[in-house]
K.L.:
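Shown below is the structure under consideration.
Letters A, B, ... mirror the listed sequences (proteins, then strands); counts begin at 1. The structure presented is a predicted model; accordingly, all values stated were derived computationally and were not measured.
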Amino acid sequence: MSKVTVIATENSWMEGEALRQLKLAANLPGMVRAVGLPDLHPGKGIPVGAAFYSEGMIYPHLVGNDIGCGMGLWLTDQKAHKFKIDKAVKKLDGFEAPWAGDSAAELDAADLPTDLWPYALGTIGSGNHFAEFQTIETIVNKDAFDEAGLEKGQLYLLVHSGSRGLGESILRRHVDRYAGLGLSEGTTDFDEYIRRHDQAVRWGVLNRRIIARRFLDALGLNGKSKLDVCHNSVTASGKGWLHRKGAAPSDQGLVVIPGSRGSLSYLVAPDQSPDISLWSLAHGAGRKWKRSDARAKLARYRVADLTKTNLGGRVICEDKDLIFEEAPKAYKDISQVIADLEAFGLIKVIATFRPIITYKTRRR
DNA sequence: ATGTCC
């Protein structure tokens with residue numbers, strides 16, 4: 001088997017730079033295999049939408065700064081057809097401010113130090129992060145849908161966020177000393193990175209939970225957590241270590257693969273977890289355009305054109321640069337990403353979700 | 001991606 005695998009059909013466009021970055025990372029010392037998922041796109045030297053399996057070494061810069069980033073899905077007690085969208089949009093505000101709840105108690109309950117980055121807990125952050133209310137668009141596999149405990153006519157909340165400044169601080173601590181070099185198994189620094197990384201992963205899970213609680217509280221709703229899937233991490237796997245950078249796990253149950261804010265999201269069941277993809281799936285549509293290019297390419301659009309998507313969804317994003325960078329057109333076609341995963345026998349689609357309100361930021 | 005910047 002070749003060292004580099006790309007999970008994509010000829011129907012998927014993939015940037016040459018992303019493939020170059022993938023091959024470069026595949027040749028790092030100790031690297032055994034590298035996989036590009038169909039949402040592969042260039043990052044800062046490291047491609048996003050990729051999984052890397054190494055032995056004897058780990059590479060913190062392959063995981064990146066947002067250790068523990070992922071997707072959480074909540075089923076709310078709100079009937080979708082009775083949901084008052086305009087009213088909700090007005091109520092959704094102030095999530096940039098620190099959460100007013102008892103962060104120390106939540107951290108303690110999550111088995112984390114009570115002073116671990118408490119001020120950012122419950123905040124979404126920026127970039128591609130969001131909290132989004134969704135409804136069921138289509139049910140493809142009713143048995144699996146029912147088995148997952150999902151309900152057709154309800155409102156859902158999807159949260160995409162990570163470990164905020166905590167993960168950033170952990171990566172910076174490593175990079176300041178080692179730059180792009182890896183850490184050897186059995187060393188103190190290796191163990192210390194893994195310890196901090198694991199904390200950041202748990203912090204990310206807790207962050208998504210508190211974000212969800214804030215959003216549900218703001219609208220007077222209750223919600224049940226249905227899944228939480230991390231797509232930036234490094235974990236022990238077999239004799240070595242599996243790095244996922246913008247890659248969802250295919251060996252931990254159901255996964256939500258979100259599209260852009262103007263396309264559907266997909267709930268999928270990983271199919272058998274074949275190791276061709278290093279037990280990984282795409283984590284989203286993947287960027288088509290660099291952030292720095294989006295503004296120029298969308299010059300004919302105004303902010304008002306971007307606050308409502310082609311699917312009729314509302315986007316709350318008062319940061320003018322960010323709304324261009326995150327416009328649906330800046331992303332690849334999620335249906336092609338899904339089709340490629342299906343073509344490789346990696347997933348079965350259970351249902352699709354339609355975005356109703358996406359909250360990015362009220363910060364100008 | 002970033003308590004995002006001195």
K.L.:
Consider only side-chain N and O atoms of A:E132 and A:Y156, and report whether a donor and an acceptor are under 3.5 Å apart.
P.N.:
no
K.L.:
Quick one: label A:R164 by what it contacts on the DNA or RNA (base, sugar-phosphate, nothing), any heavy atom closer than 4.0 Å.
P.N.:
sugar-phosphate
K.L.:
Whole angstroms only, please: what is the CH2-P distance between A:W203 and B:dT2?
P.N.:
9 Å
K.L.:
To the nearest 0.5 angstrom, please state how far the CD atom of A:E192 sits from the CZ atom of A:R173.
P.N.:
5.5 Å
K.L.:
Whole angstrom is fine here: how far is it from CG in A:N207 over to P in B:dT2?
P.N.:
10 Å
K.L.:
Nearest-Å distance, CD1 (A:I170) to P (B:dT2)?
P.N.:
13 Å
K.L.:
Hey, is the main chain of A:P42 close enough, under 3.5 Å, to the side chain of A:R287 for a donor-acceptor pair?
P.N.:
no
K.L.:
So, the side chain of A:R261 versus the backbone of A:T358: is there a donor-acceptor pair under 3.5 Å, distance only?
P.N.:
no
K.L.:
What integer distance in Å separates A:D321:CG from B:dT4:C1'?
P.N.:
13 Å
K.L.:
Rounded off to whole Å, could you give me the CG-to-P distance for the A:N232 and B:dT2 pair?
P.N.:
11 Å
K.L.:
Describe the nucleic acid contact of A:G125 in one word from base, sugar-phosphate, nothing, applying a heavy-atom distance below 4.0 Å.
P.N.:
sugar-phosphate
K.L.:
For A:D176 and B:dT2, what is the distance between atoms CG and P respectively, to the nearest whole Å?
P.N.:
18 Å
K.L.:
Under 4.0 angstrom, heavy atoms only, what part of the nucleic acid is A:G64 near: base, sugar-phosphate, or nothing?
P.N.:
nothing
K.L.:
Report the distance from atom CZ of A:R172 to atom P of B:dC5, rounded to the nearest whole Å.
P.N.:
10 Å
K.L.:
Rounded to the Å, how far apart are A:H129 NE2 and B:dT4 C1'?
P.N.:
13 Å
K.L.:
Remember a base hit wins even if backbone is also touched, and classify A:R363 as base, sugar-phosphate or nothing at under 4.0 Å, heavy atoms.
P.N.:
base
